[in-house]
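Scroll down for the structure; my scribbles are underneath it.
From a predicted model like this one, the values you see are computed outputs, not experimental measurements. Naming: A, B, ... by sequence-line order, numbering from 1 per chain.
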Amino acid sequence: MILLLSFGLALSSCGLALATTPTTLLASRFFSGFFAGPILSNCIAYASDMFPDRQRDRAIANFGLSFAIVPLLGVPLGAWLGELFSWRYIFFGITVVVLVLLLVILRLPHVRTGAENERVARQYGQMLDLLRRSEVRVVLWMQFFMQVGFFGFAPNVGVWLSTNYGMTPSGIGFCYMQGGVASIAGNFCARFSTEPWLAAVLHCGRIACVGHGTGDFDS
Amino acid sequence: MKQAALHFWFFQGSLFALLFCSHVQHMILIPLTVEIANSTGFPVEKGGLLIAIGPAPRRFRRFCSPPFRTAGDGGA
């Protein structure tokens, strides 16, 4: 599955790099979401099945760290290179790196978990059974509203900063670097957030920041 | 023992790099939206759609893939 997803990621990156019309751009973007989305969950599943206890924990923690490192390093560097050369080279670069990684992924050892012997319909049934638990439903609703809030705001930040403040891609990338530092600080705080009041404070802080930003946008 | 540790870092490192690439491919669109929109004729004011369209199939695929997640079979 990881191999298939990686190949799809490479193809969709190449499609993004070669896109010349809005239709091809949106189609490539759709497929990049389709293939890139489950990579994290599959990597975590693989690490859970493949590595023993301590190595498994370390691998999963490091996989989570990849998401925090991107705003710190990947976005500023990519934005700067994209501004220096062309945005197309960034996606060509990702294609080449993923194709090289495919050669390594081909060598990943096979792990039998027993899930292969289960019927697919039965596994979906077990997954849907989770929805009967009230705590799962609450978490799903929380995730839903969090995602609505995030994707209503974050995708428009680049356009907002460029059109209102004339910021260059590398300037926006630098803003992201600051966001990455803040996310690491937030993660550090979140280790205490089994306390509901601290989670509520963090979320209120985020909403206040977004509200302040959009207020600035209105003016 | 040393060989096992080497294997661990090798495989873990490659999966980490793969994850890094998948996240960069998504998030790099935020600073580059205006440039991409200008060079492809995509309306700039709808630039947010370029980023927001990704998570839709992402969520759907995440829901579909768990029963097929025999990840380490070196293939699908």
With chain A, the option among B:P43, B:A37, B:S39 that has the most non-hydrogen atom pairs under 4.5 Å is B:S39

A:V70 versus chain B, heavy atoms under 4.5 Å apart: side chain, backbone, both or neither?
both

Heavy-atom count around A:F92 CZ within 6.0 Å, excluding the residue itself: above 12?
yes

Distance from B:S14 atom OG to A:L103 atom CG, nearest 0.5 Å?
11.0 Å

Nearest heavy-atom contact between B:S22 and A:A36 is CB-CB, 4.0 Å

Atom group of A:S13 that falls short of 4.5 Å from chain B, counting heavy atoms:
both

Select one option (side chain, backbone, both, neither) describing which atoms of B:T33 are under 4.5 Å from chain A's heavy atoms.
side chain

Side chain / backbone / both / neither for B:V44 at chain A, heavy atoms under 4.5 Å
both

Which atoms of A:R58 are under 4.5 Å from chain B, going by heavy atoms: the side chain, the backbone, both sets, or neither?
both

Under 4.5 Å heavy-atom distance to chain B, tell me which part of A:L16 shows up: side chain, backbone, both or neither.
side chain

Might you point out which heavy atoms bring A:L9 and B:Q25 nearest each other, and give the distance in Å?
CD1-OE1, 3.5 Å

A:I39 CD1 to B:L19 CG distance, which is reported to the nearest 0.5 Å
7.0 Å

Stepwise side-chain contact (heavy atoms from CB on, under 4.5 Å) test for A:V159 and B:I30:
CA-CA 8 Å; A:V159 179; B:I30 296 171; over 6 Å; no

Heavy-atom side-chain proximity of A:R29 to B:H26 below 4.5 angstrom
yes

Which of the residues A:A59, A:G78, A:S162, A:G82 is involved in the greatest number of heavy-atom pairs with chain B at under 4.5 angstrom?
A:A59

Could you grab the distance from atom CG of B:L32 to atom CH2 of A:W87, nearest 0.5 Å is fine?
9.0 Å

Proximal component of A:S86, with respect to chain B [non-hydrogen, under 4.5 Å]
neither

Heavy atoms of A:A19 and B:T40 approach each other most closely as O-CG2, 3.6 Å

At what distance, to the nearest 0.5 angstrom, does OG of A:S32 lie from CG of B:L29?
7.0 Å

What part of A:F63 gets closer than 4.5 Å to chain B, counting heavy atoms only: side chain, backbone, both or neither?
both

Check whether any side-chain heavy atom of A:L101 sits under 4.5 Å from a side-chain heavy atom of B:F20, and report yes or no.
no

Which pair of non-hydrogen atoms, one from B:L18 and one from A:V98, has the smallest distance, and what is that distance?
CD1-CG1, 4.1 Å

For B:V24 and A:G74 the tightest heavy-atom approach is CG2-CA, 4.0 Å

A:P71 versus B:M27, closest heavy-atom pair with distance
CG-CE, 4.0 Å

Are A:L26 and B:F42 close enough that some pair of their side-chain heavy atoms sits under 4.5 Å apart?
yes

